[in-house]
Every structure is written in structure tokens, then in C-alpha cells.
Number of protein chains: 2
Amino acid sequence: MTKPQAGKRLTLKDVAEKAQVSPMTVSRVVNGYEGVRADVRDKVHAAITELGYIPNRSASVLASSKSKLIGVLIPSLSNVVFNDVLRGIYDIAIPANYQVLLFNTHYSPIEEERAIRTLLGQSPEGLIITGGGQTYAARAMLEASGVPVVQIMGKVDDPIDINVGFSHFDAGAAVTQSLVAKSYAKIGFIGARMDTRACDRLAGFEYALSAVNGLDKKRVITTPQPSSVSMGASLFRELMANTEGDCDAVFCCNDDLALGVLHECKKMHINVPEKFGVCGFNDIEMAAYAEPALSSVSVNRYSMGSKAMNIIFQKINQQDDKVLALPDYIDTGFELVMRKSTR
Amino acid sequence: MTKPQAGKRLTLKDVAEKAQVSPMTVSRVVNGYEGVRADVRDKVHAAITELGYIPNRSASVLASSKSKLIGVLIPSLSNVVFNDVLRGIYDIAIPANYQVLLFNTHYSPIEEERAIRTLLGQSPEGLIITGGGQTYAARAMLEASGVPVVQIMGKVDDPIDINVGFSHFDAGAAVTQSLVAKSYAKIGFIGARMDTRACDRLAGFEYALSAVNGLDKKRVITTPQPSSVSMGASLFRELMANTEGDCDAVFCCNDDLALGVLHECKKMHINVPEKFGVCGFNDIEMAAYAEPALSSVSVNRYSMGSKAMNIIFQKINQQDDKVLALPDYIDTGFELVMRKSTR
DNA sequence: CTGTTAGCGCCTTCAC
DNA sequence: GTGAAGGCGCTAACAG
């Protein structure tokens with residue numbers, strides 16, 4: 001094997017010379033076109049491996065305007081929730097020979113807009129973004145680009161293109177109704193990092209409680225700061241202080257917070273679930289292993305990612321003429337998983 | 001604002017015509033060159049925003065061979081550990097206007113090799129890969145490419161270029177010695193998804209126990225399957241069955257497993273830490289909130305990512321002539337955090 | 001400070 | 001089934 005030279009990059013032409021064919025033929029082989037005679041193909045392949053040739057994607061994208069690139073925007077990498085979504089995306093994209101360019105928007109529409117701009121500069125064939133609430137400019141760019149866009153995680157009011165997710169409002173309401181049905185009467189809400197989806201959950205909570213005349217704003221404790229187990233503990237202390245202990249259950253915006261609440265209850269010798277009910281959201285693996293096991297809401301994170309990716313592929317591959325109507329909203333649903341932390 | 005046409009992409013020339021300057025001038029403005037007269041710059045900027053022009057990166061990369069792209073290869077997205085590392089990487093790369101292309105190798109050197117090949121096709125300016133153990137071909141490509149490569153997570157024997165991480169062997173040995181010092185005498189090991197780093201931890205464990213004549217292979221339980229809380233529980237049952245209960249502590253390869261062990265101990269009414277000591281690895285947030293609080297090993301994940309990224313930048317920016325020696329190994333260290341799950 | 005020329009490496013198109 | 005010409009959109013290098 002000839003040692004490749006660092007610094008001088010090999011091109012189609014180098015391979016072509018080595019294999020005694022034209023660059024065009026090499027290009028065909030590289031891209032797996034059928035119509036190349038077998039012996040020529042083998043000769044080219046041999047040259048490629050011998051030289052260690054790696055095609056230049058920029059040149060290829062520029063010339064063909066096919067990038068095989070999917071852009072993904074998520075608001076946080078540290079949130080476990082997005083990992084599963086990402087796995088769903090990668091598991092579909094990579095085997096299909098697509099690449100994923102991932103941006104973290106840090107829950108900021110401004111950063112999101114910046115990311116969209118850079119992303120669009122790469123001629124992506126599809127974009128997956130989180131929820132609604134994009135800036136006006138971002139939305140305009142997206143619409144002008146003609147690139148398929150999927151908004152994931154939550155149901156959004158006025159989707160840009162396609163929407164895959166579930167109604168956080170409904171989920172919040174369902175949890176609350178279930179708590180009411182278990183005869184908890186003074187239900188609180190704890191939320192951190194209140195993004196639109198968290199707000200929707202809260203709205204569902206308030207809606208459900210209002211319906212039974214059980215809403216007391218003193219029992220709603222939120223913070224814009226990031227979510228964590230320790231934040232859950234401290235918000236719980238705040239809740240108890242605010243209400244002077246007049247509270248018999250809490251719906252936590254996610255499981256980390258709920259785990260913190262559980263821990264704090266133990267420290268304060270509050271009997272869960274008899275005297276106090278706790279319900280989380282997301283149903284992370286730890287929920288089932290908490291003590292007592294945490295009630296939560298299971299959402300199909302992986303499937304949100306994979307379905308988003310799949311519908312993008314459908315849209316990419318559909319012939320422009322036969323516009324068979326693709327759905328513009330896919331509901332991935334949710335499920336209450338009531339365990340030992342609620343009656 | 002003129003509505004941009006979907007489908008027909010704007011180019012430098014379009015902007016140039018609109019602004020009545022040459023494409024080159026537009027290029028300079030887009031790239032923020034100083035030497036453009038203020039009024040011209042403003043005129044160009046106006047044209048850019050009015051048209052909604054977004055530069056074509058493929059063309060730019062092709063022409064300039066500067067990609068502002070960093071490739072990152074990690075073995076798993078679902079493992080929390082890599083999230084923190086990724087955050088460290090993104091937090092340095094993005095503000096510096098670099099993009100990150102992320103690949104998941106699924107712990108497979110073959111997938112890793114494939115990813116490296118595609119990555120190298122994008123002319124990345126730096127690569128961050130996980131640990132050692134690359135295929136021969138992968139290593140050859142990497143070396144031939146001349147691109148700065150950082151191997152992160154663990155200390156590797158024969159680094160390709162730069163290595164950022166810590167010695168998992170030393171960490172494993174340290175944990176074990178600490179357990180011995182706390183007079184645990186029959187110490188077991190539980191590990192899932194035994195990658196090279198997990199194996200190094202195990203080797204450290206075996207080394208430390210051999211030194212005090214305490215190693216019994218029956219107490220080493222591992223599986224190639226993925227790690228999880230429930231896997232920890234089931235490996236623990238296996239450990240107890242294998243040794244007929246003749247075991248008084250366990251070093252778990254990570255915290256998820258350890259949490260599963262803790263849960264199982266509670267179910268089996270095994271007194272932790274008196275009768276049985278449990279130590280995890282990684283010190284994830286939940287560790288401190290477990291019951292009893294989990295002893296673990298804290299490693300600087302975020303810092304592994306950020307330091308890897310920083311040293312790549314140093315290498316990119318260093319003048320080729322004054323080759324001020326950059327370190328080829330950066331030790332990010334580790335720290336035992338002994339809590340209530342060990343005596 | 002601004003414009004011109006040439007070409008990055010590949011693919012589309014059209015010959016043969 | 002294979003090759004030749006031309007251009008994708010941008011920027012390096014030079015000219016003015």
C-alpha cells in the first residue's frame with residue numbers, strides 16, 4: 001500500500017490516472033452507478049484503496065446540490081430527554097447514508113435563528129427543530145428555503161411544515177385529573193426551565209384544576225433556571241414554605257425535579273404517597289427505581305426522533321408530481337404510568 | 001422585504017448586482033474583512049438582508065479549503081457521560097464559529113472507521129475520537145490526513161496525536177484500594193458494555209486486589225450488553241448466586257449499575273454499607289440523591305470535552321514554523337467521592 | 001480599497 | 001459503457 005501524502009489531497013483525477021480511466025468513470029464507481037463494466041469497476045476500486053482516496057464532499061455537494069445532510073436543532077444536550085430523540089434520528093438517518101448536523105440552541109430563539117442560518121448554508125435536505133416559537137426571521141428563512149422542516153417534541157399551533165409530537169397541555173391535564181381522581185385536593189406544580197412545552201403542561205394543569213375549582217396560584221412554583229434533582233428539592237421547600245404546608249400532592253414538570261422532591265420528602269419525614277403524592281414527567285429509567293417508585297408520564301421520545309426522520313425521507317423521496325398528501329401532524333402520544341409515589 | 005424564491009438559490013452575484021459592486025467585495029463583507037469602505041459595507045449588508053442571502057458553504061469550503069468543522073466520534077448517545085463531554089466540546093467550538101459533526105460509533109471500530117472516512121471527506125479541521133482501539137485502516141487514514149486528532153476519555157497506550165483523559169486503570173485501582181482500606185474483604189466487580197475503558201477499570205481492580213491477595217474471579221461479573229439500572233440489579237443477583245453470597249462489597253463500572261445494585265440490596269434486605277459496600281463510577285447527579293447516597297468516582301467530563309477542543313484550536317492556530325511543543329497528553333484526573341454506600 | 005482571473009473537485013450533460 | 005466539456009458558488013492571488 002502506497003503511503004498517502006499528508007497535505008496534498010487526492011482527487012478523482014489521481015485515481016483516474018492510476019486506474020487508466022477517465023475521472024468520470026471513477027466518479028461513477030464511487031457513487032455506485034450500475035452501468036460500469038465489472039472489470040473496470042474493480043480496477044477503479046483497487047486504485048481507490050491503494051491510494052487511500054476519499055472523495056471531497058464539498059465539491060460533490062456543490063456540483064450536485066445533493067448534501068445528504070439533515071440539520072437538527074435541540075435546546076439542550078444535557079437533558080436526557082433529547083438523547084433518546086437523537087438516537088431515534090440517528091438510527092434512521094445513518095443507515096440511509098445521511099449525516100446529521102446537530103446544533104444546541106440553549107433554549108434561545110436567537111441562537112436558534114443563527115443556527116438555522118448556518119445550517120441552511122449547508123444545503124441540508126431536511127431540518128428537525130424543536131417546538132414552535134421561532135423568530136420571525138428564522139421562520140421566513142425556513143419557509144423560503146423550501147427544505148422539509150419537522151418541528152418535534154410538542155404539538156405546535158401553526159406548524160411551519162410538519163409537526164411530530166404530542167400535546168403537553170393534554171398530558172398536563174391528564175396527570176392532574178388523575179391526581180384529583182386519587183382524592184388529592186391541594187395539588188401543587190413545580191417546574192424549572194419553563195420552555196413552551198413546560199408552560200403547556202402547566203396550562204393543562206391549571207385548566208384541569210380550574211375545572212374542579214382546585215387551582216391556587218400559591219401552589220405553582222417555577223423557575224427559569226435549569227432543571228436538576230437538587231433544584232427539585234429546593235423548589236419543593238419553596239412550595240412548602242409558600243403554602244405553609246397546605247399542599248398534598250405535586251405535579252413535577254419532569255422526573256429530575258420529582259426525584260428531588262422525593263428525596264426531600266424523605267428528609268422531612270413526609271409520607272409518600274399517603275400524605276403527599278408526587279408525579280413526574282418523562283418516565284426516565286430511574287423513575288421506576290426510585291423509593292417509592294415514581295409515577296410519571298411516559299412519552300415516546302425515540303419514536304419522535306425516528307418518525308420525524310422517516311417523514312423527512314418520505315418528503316425527500318416523493319415525486320414532486322404525485323403529491324400524495326403526507327400528514328402534517330403525527331401524534332406520538334403519551335401514557336400515564338402511575339406507581340407508588342401516588343395513591 | 002422581497003420574498004425570496006424557493007428553489008432558486010441566491011448567490012454572491014445576485015447580491016453584487018443588487019449592491020452594485022463586484023462579487024468579490026460581497027465575499028469580503030460576508031467574511032468580515034476589515035478593508036472595505038464603511039458605506040460600501042453597509043450597502044452590501046442591506047442587499048444581503050433584503051434578498052435573504054445565505055452563503056453556500058460547500059462552495060466556500062471547496063474554494064478556500066477551510067471548513068470550520070470539527071468531527072466528533074462517540075460510542076453512544078444514550079450514555080449520560082458523553083453528554084457532558086459534548087457540552088464541553090460545543091461550548092468551546094460554537095462561540096469560535098466552528099461547527100461540530102457528530103457521529104455515533106455504537107462501540108464498533110468498524111462503524112468508527114466508516115465514520116472517519118466520511119468525516120475526512122468533509123475536510124474537518126480537527127477530530128475528536130473516543131479512546132484507542134481504532135482499526136488499522138482508520139488509524140492510517142487519520143495519520144495520512146494531517147488533521148489534528150484528539151483521543152478523549154481514557155489514557156491510551158500509543159496516541160495517534162493528542163490524548164485527553166485519565167487513567168481508568170488507576171481509577172479502578174484507587175476505588176478498590178479504598179474499599180480494602182474500609183475493611184471490605186470480599187470485593188466483587190460488576191460491569192456492562194465492557195469497552196476498553198471499562199476493561200481498564202477492571203484491570204485496575206484486579207491489580208489492586210491481587211496485591212492484597214483478595215482477587216477471586218468468581219466475583220467478577222460482566223456482560224457485553226448495554227448498561228442500565230435494571231442490568232445492575234440483574235448482574236448483582238448473578239454475583240450473589242455465583243458466590244453464594246460470599247461477597248461484601250462491589251465496585252460497579254458505572255453509577256447506573258450501582259443504582260440498580262442499591263435497589264436490589266434494599267429488596268433483599270441487605271444492609272448497605274455495613275454488611276455490603278457499593279461504589280459506582282462517574283458520579284452522576286443521582287448518585288448523591290440515592291438512598292443511601294452512592295459512593296462514586298467523579299471525573300471531569302465537561303473538561304475533557306472543552307480541553308480537547310481547546311487544544312485542537314491551539315494546534316490549528318499555531319504557526320507551522322514556531323512549533324511550540326503542545327502537550328500530547330492532558331490528564332483530566334479523577335476523584336473518589338465516598339458517600340454513605342460505603343463504610 | 002476594489003475588481004479581475006482562474007480554479008477548487010466534482011457532477012451534469014451530451015457526445016461517441 | 002465511457003469520455004470531454006462546462007459549470008456549481010466561492011475565494012486566492014494578483015492587478016489597478
Side-chain angles (χ1 to χ4, degrees), chain A residues 4-5 7-45 47-48 51-69 118 120-125 145, chain B residues 4-5 7-45 47-48 51-69 118 120-125 145:
Chain A
Q5 298 283 37
K8 231 236 294 269
R9 204 166 154 172
L10 293 159
T11 72
L12 273 188
K13 223 182 357 182
D14 298 310
V15 180
E17 278 165 17
K18 183 98 190 171
Q20 316 244 55
V21 293
S22 78
M24 202 49 238
T25 302
V26 179
S27 171
R28 290 190 177 104
V29 173
V30 168
N31 294 295
Y33 273 89
E34 294 298 317
V36 177
R37 222 190 312 133
D39 60 318
V40 177
R41 191 168 5 90
D42 294 344
K43 210 167 51 177
V44 172
H45 270 138
I48 288 175
L51 294 174
Y53 167 71
I54 297 176
N56 182 327
R57 253 174 77 75
S58 301
S60 158
V61 171
L62 179 59
S64 70
S65 54
K66 273 179 219 134
S67 67
K68 295 273 190 182
L69 213 210
T118 29
L120 253 17
Q122 321 255 45
S123 336
E125 296 186 26
S145 73
Chain B
Q5 300 282 36
K8 230 232 300 266
R9 201 162 157 176
L10 293 161
T11 73
L12 272 189
K13 218 169 20 169
D14 297 310
V15 179
E17 278 165 17
K18 182 97 189 172
Q20 316 241 55
V21 294
S22 78
M24 199 51 234
T25 301
V26 179
S27 171
R28 290 191 177 106
V29 173
V30 168
N31 294 295
Y33 273 89
E34 293 299 318
V36 177
R37 224 192 311 132
D39 61 318
V40 177
R41 194 173 357 96
D42 294 345
K43 210 166 53 177
V44 172
H45 270 138
I48 287 175
L51 295 173
Y53 167 70
I54 297 176
N56 183 326
R57 255 176 75 76
S58 301
S60 162
V61 172
L62 179 60
S64 70
S65 55
K66 272 178 220 135
S67 67
K68 295 272 189 184
L69 213 210
T118 28
L120 252 18
Q122 322 256 45
S123 336
E125 297 185 26
S145 74

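Lettering follows sequence order; numbering is per chain, from 1. The structure presented is a predicted model; accordingly, all values stated were derived computationally and were not measured.
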Outermost nucleotides of DNA chain C that come under 4.0 Å of a non-hydrogen atom of chain B = C/dC1 to C/dG9

For B/Ser65, what residues pass the side chain to side chain contact (heavy atoms under 4.5 Å, CB included) criterion, not counting sequence neighbours?
-> none

Spacing of B/Ile54 atom CD1 and A/Thr118 atom OG1 [to the nearest 0.5 Å] | 9.0 Å

Heavy atoms, side chains only, cut-off 4.5 Å: are A/Leu51 and A/Val15 in contact?
-> yes

Closest contact, heavy atoms only, A/Ser67 versus A/Pro124 | OG-CA, 3.7 Å

Output, in order, the C-alpha distance, side-chain angles, deciding distance and verdict of side-chain contact (heavy atoms from CB on, under 4.5 Å) for A/Thr11 and A/Asn56.
-> CA-CA 8 Å; A/Thr11 72; A/Asn56 182 327; over 6 Å; no

Contact summary for B/Lys18 and B/Ala47, nearest pair of heavy atoms | CG-CB, 3.7 Å

Between B/Ala59 and B/Val21, who's closer to the 5' end of DNA chain C by nearest nucleotide?
-> B/Val21

For A/Lys68, enumerate each residue passing the side chain to side chain contact (heavy atoms under 4.5 Å, CB included) test, keeping only those at least two apart in sequence or located in another chain.
-> A/Arg57, A/Tyr98, A/Glu125

So what does B/Pro23 touch, heavy atoms closer than 4.0 Å: a base, only the sugar-phosphate, or nothing?
-> nothing

Which pair of non-hydrogen atoms, one from B/Leu62 and one from A/Ala59, has the smallest distance, and what is that distance?
-> CD1-CB, 3.8 Å

Just checking, any donor-acceptor pair under 3.5 angstrom between side chains of A/Arg9 and B/Ser145?
-> no

Within the structure shown, what part of the strands sits under 4.0 Å from A/Leu12 by heavy-atom distance: base, sugar-phosphate, or nothing?
-> sugar-phosphate

First-last contacting nucleotides on DNA chain D - partner chain A, under 4.0 angstrom, heavy atom | D/dG1 to D/dG9

Who pairs with A/Asp42 by side chain to side chain contact (heavy atoms under 4.5 Å, CB included), at least two apart in sequence or on another chain?
-> none

With nearest nucleotides of DNA chain D determined for B/Arg28 and B/Ser60 from heavy-atom distances, which residue corresponds to the more 5′ nucleotide?
-> B/Ser60

Taking DNA chain C as the partner, which of residues 34-42 of chain A come within under 4.0 angstrom of it by heavy atom?
-> none

